[in-house]
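Remarks on the structure that follows.
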Amino acid sequence: MNVRRSAAVLAAAVAIGTATPAVAASPSPSPSLPSGLYGSSDPTYDGVWRQSLALIALYRVHAEPADAAVDWLAGQQCESGAFPAFRANPAKACDAKLMVDTNSTAAAAQALSAVGGHGTAVTKAMTWLKSVQNKDGGWGYTPGGASDANSTSVVIGALKASGDDPAKALKGDKSPYDALLKLSLPCADGGAFAYQPDKKGKLTANADATAAAVVGALGQGMVSVKAGDKKNVACTDAARPTPEDAAANGSAYLAKAVAKDGHLTSALPGSENQPDYGNTADAVVALAAQGGTAAATGPLRWLERNSAKWAEQSGPAAYAQLILAAEAGGADPSDFGGTDLVEQLTATGPAPVTASQDDSDTSVWWLVGAGLAAGAGIGFLLSSRNKRKQP
C-alpha cells in the first residue's frame, strides 16, 4: 500500500514491482490533467493507485466523492477488467503495449466497491484478477510474475471488499493465504514476511511487505480494516502455522521495529537511512488490525508529530494513507497533529459531496440551501489501506 519515490526511482521500481510512485501535492489538479484526478503530478506510474486510495480514504470518513473523481477511475478500466497504472486516452481500447497490473486493479476494485454503483466494473476486475492468480494461490505485480506479499495482500483486500471469501479464491487447492504463509519467516528470522523469494529462493524480512501481509493474512483490506483484539505477543513458531499465526508474528516484528524511534526506516541505495512515513502509516494499520488501537499508539503519535511536511510534498496518496492510519488507530483525521487530513486531501481534487439527497419534496430546498452555504464559504465537519520493496 505504499509510497513516495522520485519519478526516476519509480520508473525502475515499477519494472520490478517494488514501489508505488512519487507524487507532489498541489491545491488543485493541473489544467492539463483530467479534472477528476487527485493531484497535479504526472499520473503515469500512480494515477489509478492514488485515485483509489483517495476514494477509499474519503469513504472511510463518510465523505461522498465528486462524480468526476469516481468516473475518472472507472474510465481507466480496460475491457478485460484490468486496470493500468494510468490510461492516458480512455477512448482508445487497451492494447498489448499498455501494461496492466494487479495492484492498480485490486486497489480500484476496492475503491469502486466502497463508493457503490459500479458492480459490473468490480465484477470484471475480480474476474480478471482470478484469471491471473498463480499456482501457489498468490499474485505478482504483473500477470505471470512471481507471487509477492504486497500484491497478494492487496488482492485479498479486493476479494473482501467485493464480497468474496479469500479462503475460497483457489487456484487448484491453493488460496492466497497459502501464498502468504510461504512468504512468512520463522521466529529465528524475526517472524516477518518477505516481499518475495530472491533468485536463490531465500526470504528476507521486509517491513513494507510485513505491514501489507499482516492485514492480508487477517483477511482484511483498505476498505474493511478493523481494530483487532489480539495482543502483539512475542513471535511463536507453530508446527503448522495458520494465517492468523503468521499475522501475529508479523505484527510482533513491526512492534519491535517501531519501538525505538516510533517509525520504520527507509534505506534506499546510495542514500542515508531516513524515516519511512508511508510504511510507518501502513504499520499503524497492521498493528491496529492485529492488536487494537493501543498497539498502534507509538507510531501513530510519531506520525501526528512528524508527517505533515511529508504529506504536503507527497500528495493525495500520502494524505489518504494517513487518513487510513488515523482511522485504524483511533485518531481524528480532521485534527491529526493539527492538520485536517480530509481538507488537505480534498484540496488536491474535486470536492466531495458531504450529504446525500433524499427523495422527499424538501430535498430540492435542502440542495438550494447547501449551495448558498457553499457560496458563502461556510465550512463543514467530517467525522471520522504496488510498490514496493523497502528494507
Side-chain angles (χ1 to χ4, degrees), residues 1 14-18 20 45-49 51-52 56 73-87 90 92-114 118-183 195-197 209 212-213 215-217 219-224 243 385-388:
M1 267 192 302
V14 165
I16 58 174
T18 60
T20 52
Y45 301 112
D46 81 324
V48 167
W49 181 262
Q51 191 81 351
S52 299
I56 292 168
L73 179 61
Q76 290 288 295
Q77 188 173 36
C78 296
E79 182 59 33
S80 66
F83 282 77
F86 174 66
R87 187 177 174 190
K92 179 183 177 182
C94 300
D95 56 28
K97 295 180 180 180
L98 182 66
M99 187 179 80
V100 295
D101 68 88
T102 61
N103 288 233
S104 297
T105 304
Q110 291 189 61
L112 294 175
S113 294
H118 290 77
T120 299
V122 172
T123 298
K124 289 176 63 176
M126 298 313 302
T127 298
W128 181 82
L129 285 168
K130 292 173 184 177
S131 75
V132 297
Q133 186 176 12
N134 291 330
K135 292 181 179 180
D136 62 6
W139 284 265
Y141 180 73
T142 55
S147 296
D148 67 76
N150 298 77
S151 300
T152 300
S153 297
V154 75
V155 176
I156 287 175
L159 289 164
K160 185 73 174 181
S162 65
D164 287 339
D165 181 354
K168 296 180 180 179
L170 301 176
K171 188 73 169 184
D173 62 347
K174 299 297 183 182
S175 79
Y177 298 128
D178 292 311
L180 289 182
L181 285 173
K182 286 182 61 177
L183 295 169
Y195 173 72
Q196 63 183 188
V215 176
Q220 301 191 44
M222 290 182 281
V223 173
S224 61
R385 176 47 190 269
N386 268 270
K387 191 146 216 120
R388 308 299 98 199

Output the distance between atom CD (Gln133) and atom CH2 (Trp139), rounded to the nearest 0.5 Å. 3.5 Å

Using every non-hydrogen atom in the two residues, find where Leu112 and Phe83 come nearest and quote the distance to one decimal. CD1-CZ, 4.0 Å

Ignoring hydrogens and geometry, is there a side-chain-to-backbone donor-acceptor pair from Gln110 to Ser52 under 3.5 Å? no

For Gln220, is there any backbone N or O sitting under 3.5 Å from a side-chain donor or acceptor partner on Ser224? no

Kindly indicate, with the supporting measurements, whether the criterion side chain to side chain donor-acceptor pair (under 3.5 Å) is fulfilled by Asn150 and Ser153. CA-CA 5 Å; Asn150 298 77; Ser153 297; over 6 Å; no

Using 0.5 Å steps for rounding, measure from the OH atom of Tyr141 to the OG atom of Ser104. 5.0 Å

Heavy-atom closest contact (Gly145 atom, Asn134 atom, distance): O-ND2, 2.9 Å

To check you understand the geometry: which heavy-atom pair defines the closest contact between Ser147 and Leu183, and what is its length? O-CD1, 4.3 Å

Between the side chains of Thr142 and Asp101, is a donor N or O closer than 3.5 angstrom to an acceptor N or O? no

Residue that, paired with Cys94, satisfies side chain to side chain contact (heavy atoms under 4.5 Å, CB included) out of Met99, Glu79, Arg87: Arg87

Taking all non-hydrogen atoms of both residues, which atom of Trp128 and which atom of Ser80 are closest, and how far apart? CB-O, 3.7 Å

To the nearest 0.5 Å, tell me how far Leu180 CG sits from Thr152 OG1. 5.5 Å

Residues at least two apart in sequence or cross-chain that pass side chain to side chain donor-acceptor pair (under 3.5 Å) with Ser113, listed by chain then number, are none

Working to the nearest 0.5 angstrom, can you tell me the gap between Cys78 SG and Leu98 CG? 5.0 Å

Interatomic distance, Lys182 atom NZ to Asp136 atom CG [nearest 0.5 angstrom]: 5.0 Å

Can you name the closest pair of heavy atoms from Val48 and Ala108 and give their distance? CG1-CB, 4.1 Å

Quick check against the 3.5 Å criterion: does Thr102 have a side-chain atom that pairs as donor or acceptor with the backbone of Ser151? no

Run through Pro176, Pro243, Ser175 and flag the one making a side chain to side chain contact (heavy atoms under 4.5 Å, CB included) with Leu181. Pro243

Testing Asp164, Val154, Leu159, Val155 for side chain to side chain contact (heavy atoms under 4.5 Å, CB included) with Leu129, which one passes? Val155

Pairwise distance OG1(Thr105) to CE(Met126) - rounded to 0.5 angstrom: 9.5 Å

Name all residues meeting the salt bridge (charged side-chain N to carboxylate O under 4.0 Å, His left out) criterion together with Lys160; count only those two or more places apart in sequence or in a different chain, and write none if there are none. none

Tightest non-hydrogen contact, residues Val122 and Ser162, listed as CG1-CB, 3.8 Å

Are Gln77 and Lys124 close enough that some pair of their side-chain heavy atoms sits under 4.5 Å apart? yes

